[in-house]
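Read the structure below first, then the notes.
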Protein chains: 2
Amino acid sequence: MRSSPAPRPPRRPTAADRLRQSARDLFYRQGIRAVGVEEIVQNAGVTKPSLYRAFASKDGLATAFLADYQQCFWDRIALVRAEHPDDARAQLLAYFDGLAERSAAADYRGCALTNAILEYPDRAHPVRQEAARLKHQVRDWLVDRAQQMGATNPEQLADGLILLMEGAYVVGQAFPPPGPAARVGACARLLIDAQCGPG
Amino acid sequence: MRSSPAPRPPRRPTAADRLRQSARDLFYRQGIRAVGVEEIVQNAGVTKPSLYRAFASKDGLATAFLADYQQCFWDRIALVRAEHPDDARAQLLAYFDGLAERSAAADYRGCALTNAILEYPDRAHPVRQEAARLKHQVRDWLVDRAQQMGATNPEQLADGLILLMEGAYVVGQAFPPPGPAARVGACARLLIDAQCGPG
DNA sequence: CACGTTACGTACCGATCGGTAACATCGTCA
DNA sequence: TGACGATGTTACCGATCGGTACGTAACGTG
């Protein structure tokens with residue numbers, strides 16, 4: 001009788017995976033520029049050559065980190081979708097209310113994509129471009145939700161919601177909780193109800 | 001007869017002033033961490049020891065830069081105040097409309113304070129603290145304006161406006177113009193009118 | 001003229017940055 | 001057993017980082 005029937009024996013995860021996890025921890029908490037590769041490999045329990053065997057450069061690891069990070073966002077969206085199927089308004093408000101809660105954490109660090117964009121003002125930088133690409137997908141989704149809600153001008157509503165979202169990401173870091181970010185849910189309600197048929 | 005009656009002859013500006021100007025250009029465009037002191041002194045046309053005679057450290061120069069920068073914000077506020085005396089709503093909307101315009105510049109870089117806060121996640125860092133201090137003054141001013149407008153809940157309205165402001169600062173950099181930031185004026189109108197007695 | 005003060009430049013520091021070369025070791029599977 | 005791919009080890013590279021010791025030119029004042 002085997003105590004662990006899993007087909008995969010509990011092997012040590014690959015160096016690339018350990019590096020991704022380490023990058024997630026450090027890049028998100030401290031920013032990308034602020035973290036050196038030495039710290040990353042130490043935290044991952046691997047060595048520097050392993051990093052450069054799995055990724056082309058620090059920037060390569062950083063873009064991988066952004067993609068990994070953004071998956072968390074879509075996981076959250078999948079959650080609110082499951083909780084409120086076929087109710088775009090409820091989905092959005094659930095996300096915004098959750099955001100308001102999270103932004104009240106004392107060590108809140110906002111959105112890694114947003115942080116990366118501010119950290120790399122050069123629009124040609126690969127990290128910056130990946131972050132911008134992923135952000136555009138969010139806007140597309142918001143426009144879709146606004147259409148579902150029957151907004152008078154879906155793009156206008158989506159843009160307003162983006163402003164609130166990004167505002168909360170940033171303000172949650174700038175003000176001690178509970179700061180302005182705690183009201184992002186209420187503001188989203190106002191904006192949505194002002195631009196959709198009341199229903 | 002003297003061609004220049006000024007008591008101060010047109011001397012070359014002091015090293016500290018040249019450094020402040022250089023820091024303004026470089027820190028704002030590229031971020032604080034991204035700019036080395038060598039580049040700053042070269043751009044200023046002075047040498048490194050001059051920097052460290054006028055400022056305690058790079059961080060000291062950075063905090064001075066933030067204070068200088070924020071003066072531009074209050075200058076803008078003074079302008080809209082002069083254009084719309086005794087009309088808090090018009091003052092705010094003038095600022096937000098101007099923000100929407102500025103954020104449409106191809107190389108828009110948002111607010112230096114916001115950028116600095118994201119660049120220095122450590123709340124104990126002196127640069128971060130100075131930025132946070134200056135941001136709080138902005139909120140105080142917004143609360144005051146919201147009271148002037150007779151908002152039902154002035155702090156709630158001020159917080160909503162902060163979210164929009166900061167959102168525009170960030171989104172103006174993340175999306176190519178005209179992005180969501182171009183609608184920040186319209187969103188501010190909605191938020192204000194929803195939370196003040198109509199009129 | 002001699003003096004102290006202020007402002008500035010040359011040259012340099014140790015530390016850290018991102019990145020690499022060369023070689024040893026391990027587990028897996030044929 | 002033997003070959004292979006993934007990983008670890010050690011030592012190193014040139015560049016750049018923030019910061020400083022020290023000498024010097026300019027200037028106002030006695």
Side-chain angles (χ1 to χ4, degrees), chain A residues 4 6-23 25-27 29-66 116 119-122 124-128 130, chain B residues 7-23 25-27 29-66 116 119-122 124-128 130:
Chain A
S4 149
R8 298 213 171 275
R11 275 236 299 286
R12 185 182 195 244
T14 150
D17 286 342
R18 294 178 66 86
L19 283 164
R20 289 177 109 103
Q21 186 57 50
S22 176
D25 301 341
L26 297 172
F27 282 158
R29 284 282 133 215
Q30 296 167 233
I32 297 174
R33 303 194 92 113
V35 178
V37 294
E38 190 63 53
E39 193 180 355
I40 296 175
V41 298
Q42 275 191 4
N43 182 267
V46 304
T47 56
K48 233 194 294 192
S50 290
L51 194 166
Y52 288 96
R53 277 186 283 254
F55 301 92
S57 62
K58 181 188 177 182
D59 287 348
L61 176 59
T63 60
F65 151 66
L66 291 182
E119 217 172 346
Y120 292 91
D122 177 7
H125 195 288
V127 173
R128 161 71 176 253
E130 174 72 357
Chain B
R8 301 215 170 273
R11 277 236 297 286
R12 183 181 197 248
T14 151
D17 286 343
R18 294 178 65 86
L19 283 164
R20 289 178 109 100
Q21 186 57 50
S22 176
D25 301 342
L26 296 172
F27 281 159
R29 283 283 132 216
Q30 295 167 236
I32 298 175
R33 303 193 94 113
V35 178
V37 292
E38 190 63 52
E39 193 180 355
I40 296 175
V41 298
Q42 275 192 4
N43 182 267
V46 304
T47 56
K48 238 196 282 195
S50 291
L51 193 165
Y52 287 96
R53 276 185 285 261
F55 301 92
S57 61
K58 181 188 178 183
D59 288 347
L61 175 60
T63 60
F65 151 67
L66 291 183
E119 217 172 346
Y120 291 92
D122 178 6
H125 195 289
V127 174
R128 161 70 177 254
E130 174 73 357

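Just so it is clear: chains get the letters A, B, ... in the order the sequence lines come, proteins before strands, and each one is counted from 1. Because the structure is predicted, anything quoted here is derived from the model rather than measured.
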With distance as the sole criterion, do the side chain of B:Lys58 and the base of D:dG19 form a donor-acceptor contact below 3.5 Å?
no

Taken to the nearest whole Å, CD1/B:Ile32 to P/D:dG18 is 12 Å

Between A:Phe55 (CZ) and C:dT20 (P), how many Å, whole number?
15 Å

Nearest-nucleotide pick for A:Lys48, side chain only, options being D:dT7, C:dG18, D:dG19:
C:dG18

From CD of A:Glu38 over to C1' of D:dG8, roughly how many Å is that when rounded to an integer?
14 Å

Roughly, in whole Å, what's the span from CG in A:Leu51 to P in D:dT7?
12 Å

Side chains of B:Leu19 and B:Ile40 in contact at under 4.5 Å (non-hydrogen atoms)
yes

Residue pair A:Ala34/A:Pro49 against DNA chain C: nearer the 5' end by closest nucleotide is A:Ala34

Shortest non-hydrogen contact between A:Ala64 and A:Phe55, atoms and distance
CB-CE2, 3.8 Å

Polar side-chain contact A:Arg53-D:dG5 base: donor and acceptor under 3.5 Å
no

Just to confirm, is there a sub-4.0 Å distance from OP1 or OP2 of D:dG8 to any side-chain nitrogen or oxygen of A:Ser50?
yes

Side-chain H-bond candidate by donor/acceptor type, B:Asp25 with B:Gln21, under 3.5 Å
yes

Nearest-angstrom distance from the residue atom CD of A:Gln42 to C1' of C:dG18:
15 Å

Between D:dT16 (P) and B:Ile40 (CD1): distance, integer Å
16 Å

Between C1' of D:dA6 and OH of A:Tyr52, the distance in whole Å:
19 Å

Need one value for B:Val35: base, sugar-phosphate or nothing, where a base atom within 4.0 Å counts as base even if backbone is also close, heavy atoms only.
sugar-phosphate

Taking the six-membered ring of A:Tyr120, is the NZ or CZ of A:Arg33 close enough (under 6.0 Å from the centre) and on axis enough (within 45°)?
yes

Checking all strands, does B:Thr47 fall into the base, sugar-phosphate, or nothing category for heavy-atom contacts under 4.0 angstrom?
base

Within the side chain of B:Glu119, is there an N or O that forms a donor-acceptor pair under 3.5 Å with the backbone of B:Ile32?
yes

When rounded to whole Å, the CD to C1' distance for the pair A:Glu39 and C:dG18 reads 14 Å

